[in-house]
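The analysis underlying the following values was restricted to heavy atoms, covering all of them including side chains, and did not include hydrogens, waters or symmetry mates.
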Amino acid sequence: MLRIVLFLVLIALAAAGAAWVADQPGEVVMTWGGWRASPTIPVFVLLLGVFAVAIVLLWSILTATWRLPGRMRRRRHDKRHARGRQAITHGLLAIGHGDTALARRHAVAARRHAPNDPLALLLHAQSAQLEGNRDEAQRVFRAMAEREDTRLLGLRGLFIEAQRADDAVGAVMIAEEAIKLSPSSTWASQAVLGFRCARGDWSGALAILDSNLSAGLIDKPAYRRQRGVLLTARALELQTMDRDVARESVMEAIKLAPTLVPAAVLAAKFESEAHQVRRAMKLVEAAWLANPHPDLADAYAHVKLGDTAWHRLQRVETLAAKTPADRAGHIEGQLAIARAAIDASEFARAREVLAPYVSDPTQRVALLMAEIERTEHGDGGRARAWTLRAVRARHDPAWTADGYVSDRWRPVSPVTGRLDAFQWQTPVASLPSDRGATIESSAFEEAMLAAPPPKRVTAAPSESQVEPTVTAPAPAPAAQDNSPLIAKEEPAVAPAEPVQPAPEPAESTPPAATPVFRARADLGKPAAAPIPAVIPIVRAPDDPGIDDEGPSDEFTEQIGTPKAQAGGWRGFWSRWGA
């Protein structure tokens with residue numbers, strides 16, 4: 001509406017101006033040599049307007065003619081660029097759904113139509129990766145790294161290829177170069193941080209962590225946790241070489257991450273050595289409430305130097321009482337009590353706390369029961385039975401990171417280099433495997449687990465009770481030697497059957513009826529354990545596969561900006577031919 005009103009106003013002003021000019025009297029006299037003209041003022045204004053329009057029209061024609069080559073060149077360039085962008089779009093979609101041939105075809109078209117487009121280079125590199133041609137992918141990434149606009153992208157591609165080639169040193173050098181160009185690069189900072197942690201350069205790792213905080217890559221809570229992890233790692237390394245630095249580091253770490261188990265254990269150790277028992281106990285209790293762990297229980301038991309085993313048992317019971325029975329970490333407290341009870345020779349107490357877990361034991365429960373049987377009664381057979389049960393029992397929690405199980409805590413994952421990756425949890429290896437199936441199919445182990453434990457006989461009050469104990473071991477060696485002896489000894493076992501109503505012979509006869517060792521004919525040949533396949537190192541998720549012999553390199557020319565056309569009249573004809 002506003003435009004219409006403005007248009008009408010302009011028309012009215014033009015009409016008013018024309019009327020005013022038409023009403024002006026007089027004429028204009030023009031003389032040029034022998035030519036003389038004297039038009040009126042309205043006619044002169046009209047001729048002047050026509051002349052101006054003709055000049056403008058002529059200038060437009062000349063300008064359009066001059067600019068026609070450039071416009072044609074730009075038009076062709078736009079068409080090629082549009083075709084290149086279309087090829088790039090379809091090529092990236094082909095890479096997304098894994099069509100190697102289509103991606104390669106679109107990559108060639110994109111490189112032909114848009115050679116200077118960064119996305120064309122990226123499509124070319126990714127299509128080479130999808131084909132498994134890593135040499136060509138590396139050459140493309142190097143060309144991208146030499147350009148100003150794609151330098152970081154090229155370094156990122158070279159970093160991934162170095163990881164796939166297991167070139168850790170080359171990957172870290174590329175990451176360090178990238179972090180110099182852009183300190184906010186997450187992948188570069190993580191790679192350099194993991195490498196410095198693996199090398200034990202804790203000061204350099206702390207510097208990278210401070211840089212990540214300044215660049216906004218991590219928030220304040222994550223920074224505090226990761227700094228506590230690095231300080232703990234430095235303290236664990238220096239606790240035998242420089243105890244002052246180790247103590248200073250672990251004390252700062254326990255302030256930043258009070259629930260970190262190794263930090264709490266080491267800090268409690270230093271406080272205990274300084275006779276600060278209460279402070280050491282508080283540190284362990286704070287970490288125990290967040291994550292019950294055997295190391296915490298052991299540190300809590302030995303927090304006061306010179307205590308007896310009985311006092312350590314009482315202290316561990318106090319710590320275990322802080323974990324409710326409905327929590328997942330309650331079993332850690334019970335196992336800690338059993339461990340301390342065994343050390344204090346309180347075997348009844350150890351059996352009492354382990355009783356709820358005997359029906360479905362874990363490996364640690366089974367091993368503790370084996371130690372109880374061996375230490376309390378010297379019962380080697382029952383101890384061996386519990387040891388065999390430990391082999392096939394469920395796994396206990398362990399320090400696990402990215403599928404890697406470690407016997408100790410580590411600051412970074414050896415698989416991915418991720419900081420603070422280890423968690424106290426049940427490893428994936430506790431799932432059923434071929435090895436577990438082989439163990440359970442062994443007839444020998446089934447016999448050992450099925451046999452009841454032999455009872456120790458101290459004194460024989462009558463001859464009727466002594467006879468079964470003497471004749472019971474006889475069939476076992478006879479069965480292993482030859483079959484005729486088994487037939488001869490079978491009548492010797494028969495007299496033991498009338499004695500079964502008596503309480504004592506009833507307990508000693510089952511070993512004779514079900515010997516611990518079976519005859520060799522009964523034992524089937526166990527199946528050969530399959531040779532486990534070599535587990536490769538975990539690679540990047542976008543790993544295309546194995547290396548194949550790829551086509552010859554087509555990306556050998558150096559891509560640069562096109563040379564400028566010559567200007568002036570000398571370049572006019574060249575524009576027509578462009």
Could you check whether atom [atom1] of [X] has more than 12 heavy atoms from other residues, nucleotides or ligands sitting under 6.0 Å from it?
{"X": "Trp59", "atom1": "CH2", "answer": "no"}
{"X": "Glu248", "atom1": "CD", "answer": "no"}
{"X": "Ile4", "atom1": "CD1", "answer": "no"}
{"X": "Met173", "atom1": "CE", "answer": "no"}

To the nearest 0.5 angstrom, please state how far the [atom1] atom of [X] sits from the [atom2] atom of [Y].
{"X": "Ile254", "Y": "Leu231", "atom1": "CD1", "atom2": "CG", "value": "11.0 Å"}
{"X": "Thr400", "Y": "His395", "atom1": "OG1", "atom2": "NE2", "value": "10.5 Å"}
{"X": "Asp99", "Y": "Arg105", "atom1": "CG", "atom2": "CZ", "value": "7.5 Å"}
{"X": "Ile208", "Y": "Leu213", "atom1": "CD1", "atom2": "CG", "value": "13.0 Å"}
{"X": "Thr89", "Y": "Gln86", "atom1": "OG1", "atom2": "CD", "value": "7.5 Å"}
{"X": "Leu62", "Y": "Arg67", "atom1": "CG", "atom2": "CZ", "value": "12.0 Å"}

Handout entry: Any pair counted as ring pair (Phe, Tyr, Trp, His ring centres under 6.0 Å), so long as it reaches residues 150-190, sequence neighbours left out
Key =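 Qualifying pairs, neighbours excluded: Phe159-Trp187.
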Shortest non-hydrogen separation from [X] to [Y] and the atoms involved:
{"X": "Ala299", "Y": "Val265", "value": "CB-CG1, 4.2 Å"}
{"X": "Arg234", "Y": "Ser203", "value": "NH1-OG, 4.0 Å"}
{"X": "Leu217", "Y": "Ser189", "value": "CD1-OG, 3.7 Å"}
{"X": "Leu256", "Y": "Gly228", "value": "CD1-N, 4.0 Å"}
{"X": "Asp219", "Y": "Ala222", "value": "OD1-CB, 2.9 Å"}
{"X": "Leu155", "Y": "Ile174", "value": "O-CG2, 3.2 Å"}

Exercise for the section: Verify side chain to side chain contact (heavy atoms under 4.5 Å, CB included) between Lys269 and Val250, making sure each step is shown before the conclusion. Expected result: CA-CA 11 Å; Lys269 178 182 178 181; Val250 76; over 6 Å; no
Donor-acceptor check, side chain of [X] to backbone of [Y], threshold 3.5 angstrom: yes or no?
{"X": "Ser211", "Y": "Ala207", "answer": "no"}
{"X": "Ser127", "Y": "His124", "answer": "yes"}
{"X": "Asp402", "Y": "Tyr404", "answer": "no"}

Report yes if some heavy atom in the side chain of [X] is under 4.5 Å from a heavy atom in the side chain of [Y]; otherwise report no.
{"X": "Leu419", "Y": "Leu230", "value": "yes"}
{"X": "Val261", "Y": "Trp409", "value": "no"}
{"X": "Leu296", "Y": "Asn291", "value": "no"}
{"X": "Leu236", "Y": "Leu266", "value": "yes"}
{"X": "Tyr223", "Y": "Asp210", "value": "yes"}
{"X": "Leu92", "Y": "Gln126", "value": "yes"}
{"X": "Arg83", "Y": "Arg80", "value": "no"}
{"X": "Asp117", "Y": "His81", "value": "yes"}

Problem - Arg364 with Glu332: basic N within carboxylate O range, under 4.0 Å - result: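 A salt bridge is present here (some side-chain N lies under 4.0 Å from a carboxylate O).
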Practice task
Give a yes or no on whether a salt bridge exists between Glu161 and Arg164, defined as a side-chain N under 4.0 angstrom from a carboxylate O.
Solution key: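 Looking at Arg164 together with Glu161, the answer is yes, because their closest N to O distance falls below 4.0 Å.
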Practice task
May I have the step-by-step check of side chain to side chain contact (heavy atoms under 4.5 Å, CB included) for Ile218 and Leu209, ending in yes or no?
Solution key: CA-CA 9 Å; Ile218 56 176; Leu209 192 63; 3.7 Å; yes
Problem - ring pair (Phe, Tyr, Trp, His ring centres under 6.0 Å) involving Trp424 - partner list, sequence neighbours excluded - result: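 Once residues adjacent in sequence are excluded, the partners of Trp424 under the ring pair (Phe, Tyr, Trp, His ring centres under 6.0 Å) criterion are His293, Trp399.
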Handout entry: Contacts of type ring pair (Phe, Tyr, Trp, His ring centres under 6.0 Å), residue His113, not counting sequence neighbours
Key =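 Once residues adjacent in sequence are excluded, His113 has no partner under the ring pair (Phe, Tyr, Trp, His ring centres under 6.0 Å) criterion.
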Exercise for the section: Using salt bridge (charged side-chain N to carboxylate O under 4.0 Å, His left out) as the criterion, point out the one residue from Arg224, Arg225, Arg410 that pairs with Asp420. Expected result: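 Among Arg224, Arg225, Arg410, the one that satisfies the salt bridge (charged side-chain N to carboxylate O under 4.0 Å, His left out) with Asp420 is Arg225.
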